[in-house]
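Residue numbering restarts at 1 for every chain, and letters A, B, ... go by the order of the sequence lines.
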There are 2 protein chains.
Amino acid sequence: MKTKNIKVTKQREIILDELRSLVTHPTADELYTNIKSRLPRVGLCTVYRNLERFYKEGLIGKIKGKPCRYDGKIESHNHIKCINCGKIEDLFVDIPVDTVEIDKLGYKLHSYKVEINGLCRKCNKESGRKKHVNKT
Amino acid sequence: MKTKNIKVTKQREIILDELRSLVTHPTADELYTNIKSRLPRVGLCTVYRNLERFYKEGLIGKIKGKPCRYDGKIESHNHIKCINCGKIEDLFVDIPVDTVEIDKLGYKLHSYKVEINGLCRKCNKESGRKKHVNKT
DNA sequence: ATGCAAATGATAATTATTATCATATGAAAA
DNA sequence: TTTTCATATGATAATAATTATCATTTGCAT
């Protein structure tokens, strides 16, 4: 009988390993560039494909935006994003959420996280001078 | 001398009015479709342009995703999203965030909101049967 | 070794969003 | 009012990010 044939390919291992080795939150394209040295023939779509898959399997985090960014850490944590330069950093704060309203709406809670926006130290200092504003 | 000449156009008024009249969180395209009856000759890019502008002016909210969704309410509130069907509903709960860690990182706090994921009542009931999963 | 489903990489397609630019329009001045 | 003209619009094209298609390759189970 046919068992489901799930393969552990070199590219899959390296993509996950590389993402996990980073403290930053790369885009698919940035990760693709990083990985090129280890896997010169890899295609960008393979990176996308596997990132999306890891995300759905709960192995990595995904931060939606334009473009999306990925996160090798899965321990529950939050992000703070600089509204000027777009950089995202980790933030380990405990956020207590009252579930009463959630129950009232009839939802079964899965996960939650806080998205914090601010001005990073660097941009804050520079804000008196020129203004360079990123999108996303 | 030239004063800045900011115009209140019909399309701008209608786009904002229409978004505010909704309790849902439409995409630019959905809003564009709604508006067609009131402004038959409007272009999709005008809708995008103005939504982006309202967002930057702080008049409306924007929920990033693929595609992005817009929110006519600005009073601080949070969203709960169904991980199965993708629907987003409002959630008015007070979430206190400890700013000590934020200060430590040197950020100047601007705003924050909680993104909650769960299974809505409808999808929860149906989850025993077929599984229809949306993207975003 | 062999069979074969699953994964890859090349390419093309799609989706969402944004830029360009000629034309139209609203606000202020005359 | 009429005129002026910067700003907004709509048509079109362009771009950016992501996803689909499909022939080929590669691991896993026999």
If I take atom [atom1] in residue [X] and atom [atom2] in nucleotide [N], what distance separates them, rounded to the nearest angstrom?
X: A/E52; N: C/dA7; atom1: CD; atom2: P; result: 15 Å
X: A/K10; N: C/dA6; atom1: NZ; atom2: C1'; result: 19 Å
X: A/K64; N: C/dT17; atom1: NZ; atom2: P; result: 14 Å
X: B/E13; N: C/dA27; atom1: CD; atom2: C1'; result: 14 Å
X: A/Y55; N: D/dT18; atom1: OH; atom2: P; result: 13 Å
X: A/R53; N: D/dA20; atom1: CZ; atom2: C1'; result: 17 Å
X: A/D29; N: D/dT19; atom1: CG; atom2: C1'; result: 15 Å
X: B/L31; N: C/dT17; atom1: CG; atom2: C1'; result: 16 Å

Is any side-chain heavy atom of [X] less than 4.5 Å from a side-chain heavy atom of [Y]?
X: A/R20; Y: A/L59; answer: yes
X: A/R69; Y: A/E30; answer: yes
X: A/V23; Y: A/D90; answer: no
X: A/K81; Y: B/Y107; answer: no

Report yes if a side-chain nitrogen or oxygen of [X] is closer than 4.0 Å to either non-bridging phosphate oxygen (OP1 or OP2) of [N]; otherwise report no.
X: B/R12; N: D/dT7; result: no
X: B/T9; N: D/dT9; result: yes
X: B/Q11; N: D/dG10; result: yes

C/dA6 base / A/K7 side chain donor-acceptor hit below 3.5 Å: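 Such a pair is found, so the answer is yes.
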Trace of the salt bridge (Lys or Arg N to Asp or Glu O under 4.0 Å) decision for B/K104 with B/E101: CA-CA 5 Å; B/K104 269 192 207 161; B/E101 284 300 316; 2.9 Å; yes
Secondary-structure notation, DNA chain C, from Watson-Crick and G-U pairs under 3.5 angstrom (| other strand): ||||||||||||||||||||||||||||||
Just wondering, are more than 12 heavy atoms of other shown residues or ligands nearer than 6.0 Å to [atom1] in [X]?
X: A/K73; atom1: NZ; result: yes
X: A/K62; atom1: NZ; result: yes
X: A/K108; atom1: NZ; result: no

Inter-residue atom distance A/I14.CD1 - A/S21.OG, 0.5 Å rounding: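 Going from CD1 on A/I14 over to OG on A/S21, the span is 11.5 Å.
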Within residues 35-51 of chain B: residues closer than 4.0 Å to DNA chain D (heavy atoms):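 Of all residues in residues 35-51 of chain B, the ones placing a heavy atom under 4.0 Å from DNA chain D are B/R41, B/V42, B/G43, B/C45, B/T46, B/R49, B/N50.
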